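Notes follow the structure.
What you are looking at is a predicted structure, and each value in this text was computed from that prediction instead of being measured.
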Amino acid sequence: MDSSVALGRLELARPVTTHGSCLPEGAHGAHLNGCVPLSHQVAGHKYGVDKVGILQHPDGTVLKQLQPPPRGPREMQFYSMVYSEDHCDPCLVDLQAQLPKYYGTWSSPDAPTGTRMGAWSHDKIGGFTVQHEFSQHLCSLSSTDLYLKLEDVTRRFQKPCIMDVKIGQKSYDPYASQEKREQQIRKYPLMEEIGFLVLGMRVYKVGLDSFDTYDQHYGRGLVKDTIKEGLSKFFYNGDILRKDAITASILKVQKILQWFEGQSRFNFYASSLLFVYEGICVPGLVSQSLRDSQIALEACEQNNNINQSLSTMYSLHKKSCAQSHYQAKQDNSVRSSSQQPNGNRGLARLEEDRKESKSQAGQETVHDVEVKMIDFAHVFSSDVPDQGYIYGLKNLLKVLHQILEE
């Protein structure tokens, strides 16, 4: 495609500015024992719009409605396997750090007795060998009454900037029908070449105190000539390009890449990375952080050590922004809830995480960027490295480096 045409398409994809709630129209009321639609969702099935969706529990966790079989059971099995309490598999233990925390399953106390499946979270899922039996059993139940109970990785942020990026060269799994394959290819023909697709994002604009949101159509309009500019919009707050957030994101993605390069047990399809960074930071401190970062980058590039450079830049940023984020943590501390999660084997773990979050709020350590793997309805066992996902991660890192170096 001609670059001028591509740039024109990018310019036409204007964001939607929101000043308040991001809930779907008519979805402001409480649902299912005080749960409400997730207000800051940027992609995926939305409650009140699609047949399945995502809710926010009163205790601050996220409830992801189980998809129909076999996708929903497969995702639940994957989370249960990774977070099984009795395994010490180094591959899975390392993977936990790249995923949202999993607190088992949840269903409404009002759900029919035959469909309440909270007790299933106590089962020990050892691997994909039990997938057929597991899915068959679930097929006899109403999967839409069951939710995966997950950590809301955006919760500690005051003005979370969020981006959902699908990773891999194929957005369909090996068992997809020919019709499904053609449908996915039509959605984004460049997936195999680029290796990732921006599904949605929202960016906090400091001067306007509002969020610009971009949907899946924006991402599908990005081509090779515009992907860098299109991705850089996520890190531009209306005043400056948040190179500190880019640097931290690169470091997080590199950790995920290291995990993929060291494993050959799973292949991931139609899975995403969720990027989150804090939109609020003291401008003067950010500017100083950027100046220090640029000095560190130049010094370390002379030594041909980009990893050292990135680590140095991130450390400088953490030091410079500690004060403002410490205040943000105080203002956005974790609330306790009198309502107990239903069917939740991870309740004790959830309480531990709350205590840990509260203790961290009193420290001068900054956790201002998150990059987590999400969406595991199409994960399959394998005996070879996941080259499609690795390709996507490397290409994403390449583009992030290009943005950072400008």
Side-chain angles (χ1 to χ4, degrees), residues 1-18 22 40-46 161-172 181-205 211-238 240-243 245-247 249-250 252-253 256-257 268-277 279 369 371-375 388-406:
M1 178 182 293
D2 181 74
S3 60
S4 60
V5 176
L7 288 170
R9 289 178 58 182
L10 177 60
E11 189 63 31
L12 288 172
R14 297 188 181 278
V16 177
T17 301
T18 56
C22 298
H40 48 265
Q41 185 177 349
V42 297
H45 301 289
K46 297 186 177 181
C161 299
I162 308 169
M163 177 171 64
D164 187 327
V165 182
K166 184 182 291 187
I167 305 293
Q169 292 180 283
K170 296 179 180 177
S171 55
Y172 54 86
R181 295 178 183 218
E182 293 174 355
Q183 177 196 54
Q184 291 299 314
I185 293 173
R186 283 197 304 270
K187 283 184 177 180
Y188 195 54
L190 295 175
M191 193 73 185
E192 185 170 358
E193 182 179 5
I194 293 179
F196 64 89
L197 168 63
V198 176
L199 295 178
M201 60 186 184
R202 74 172 206 162
V203 188
Y204 180 65
K205 298 300 182 180
F211 289 92
D212 282 354
T213 60
Y214 302 78
D215 62 14
Q216 58 184 327
H217 300 291
Y218 171 80
R220 291 176 190 169
L222 300 178
V223 297
K224 285 187 65 177
D225 292 332
T226 61
I227 189 68
K228 183 178 72 172
E229 180 183 352
L231 196 62
S232 68
K233 286 183 181 293
F234 176 62
F235 298 100
Y236 181 67
N237 68 5
I240 61 170
L241 184 67
R242 289 289 301 274
K243 290 192 173 184
I246 301 173
T247 299
S249 298
I250 290 175
K252 300 276 188 178
V253 176
I256 295 173
L257 176 59
F268 295 72
Y269 302 91
S271 184
S272 293
L273 293 184
L274 187 69
F275 290 76
V276 188
Y277 72 89
V369 175
V371 180
K372 297 290 185 181
M373 296 170 58
I374 59 172
D375 298 336
Y389 203 105
I390 290 173
Y391 175 90
L393 289 175
K394 288 184 175 180
N395 212 29
L396 177 59
L397 283 169
K398 178 182 177 182
V399 175
L400 290 174
H401 277 296
Q402 291 174 347
I403 298 171
L404 184 64
E405 291 167 0
E406 286 191 348

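Across every non-hydrogen atom of Tyr269 and Tyr172, the tightest pair is CD2-O, 3.4 Å. The two residues Lys228 and Val399 come nearest to each other via the heavy atoms CA-CG1, 3.8 Å. The two residues Gly279 and Cys161 come nearest to each other via the heavy atoms CA-SG, 3.8 Å.
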Intermediate values then yes/no, side-chain contact (heavy atoms from CB on, under 4.5 Å), Leu273 and Lys372: CA-CA 5 Å; Leu273 293 184; Lys372 297 290 185 181; over 6 Å; no
Let me see the working for Val203 and Phe211 under side-chain contact (heavy atoms from CB on, under 4.5 Å), right down to the final yes or no. CA-CA 5 Å; Val203 188; Phe211 289 92; 6.0 Å; no
Stepwise side-chain contact (heavy atoms from CB on, under 4.5 Å) test for Leu274 and Met163: CA-CA 6 Å; Leu274 187 69; Met163 177 171 64; over 6 Å; no
Using the rule given for side-chain contact (heavy atoms from CB on, under 4.5 Å), can you reason through Ile227 versus Val223, listing the C-alpha separation, both sets of side-chain angles and the distance that settles it, and then say yes or no? CA-CA 6 Å; Ile227 189 68; Val223 297; over 6 Å; no
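Atom OG1 of residue Thr247 and atom CG of residue Leu404 lie 4.5 Å apart, to the nearest 0.5 angstrom. Summarising the geometry, atom NZ belonging to Lys243 is positioned 10.5 Å from atom CD1 belonging to Ile250; distances are rounded to the nearest 0.5 Å. Note: Ile246 CD1 to Phe275 CZ = 11.0 Å, rounded to the nearest 0.5 Å. Rounding to the nearest 0.5 Å gives a distance of 7.0 Å between CG of Leu393 and CD1 of Ile256.
Take Asn395 and apply the side chain to side chain donor-acceptor pair (under 3.5 Å) test, not counting sequence neighbours, and it matches no residue. Take Tyr391 and apply the ring-ring contact (aromatic ring centres under 6.0 Å, His included) test, not counting sequence neighbours, and it matches no residue. Tyr389 meets the ring-ring contact (aromatic ring centres under 6.0 Å, His included) test with Phe260, Phe268; sequence neighbours excluded. Listed by chain and number, the residues in a side chain to side chain donor-acceptor pair (under 3.5 Å) with Lys398 amount to none (sequence neighbours excluded). For Asp375, the salt bridge (charged side-chain N to carboxylate O under 4.0 Å, His left out) criterion is met by Lys64, not counting sequence neighbours. Scored by the side chain to side chain donor-acceptor pair (under 3.5 Å) test, Ser272 finds Asp164 as partners (sequence neighbours excluded). Residues passing the side chain to side chain contact (heavy atoms under 4.5 Å, CB included) test with Lys394, sequence neighbours excluded: Leu257, Glu261, Ile390.
Between the side chain of Ser271 and the backbone N or O of Ile374, at least one donor-acceptor pair lies under 3.5 Å. No side-chain donor-acceptor contact under 3.5 Å links Lys205 to the backbone of Asn237. Listed for the Lys233 side chain is no donor-acceptor partner under 3.5 Å among the backbone atoms of Met201.
Proximity of Val369 to Val276: side-chain heavy atoms (C-beta onward) are nowhere separated by under 4.5 Å. When side chains are defined from C-beta on, Val165 does not count as touching Leu199, because their heavy atoms never get closer than 4.5 Å.
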Could you pull out all donor-acceptor pairs under 3.5 Å where a side-chain atom in residues 184-198 meets a protein atom, sequence neighbours excluded?
from, atom 1, to, atom 2, distance (Å)
Gln184, OE1, Ser171, OG, 3.1
Tyr188, OH, Leu222, O, 2.8
Glu193, OE2, Lys224, NZ, 3.2

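Around NZ of Lys170, the count of heavy atoms belonging to other residues, nucleotides or ligands within 6.0 Å does not exceed 12.
Taking the six-membered ring where the residue is Trp, Tyr277 and Phe235 present parallel rings, their angle staying beneath 30° rather than reaching 60°.
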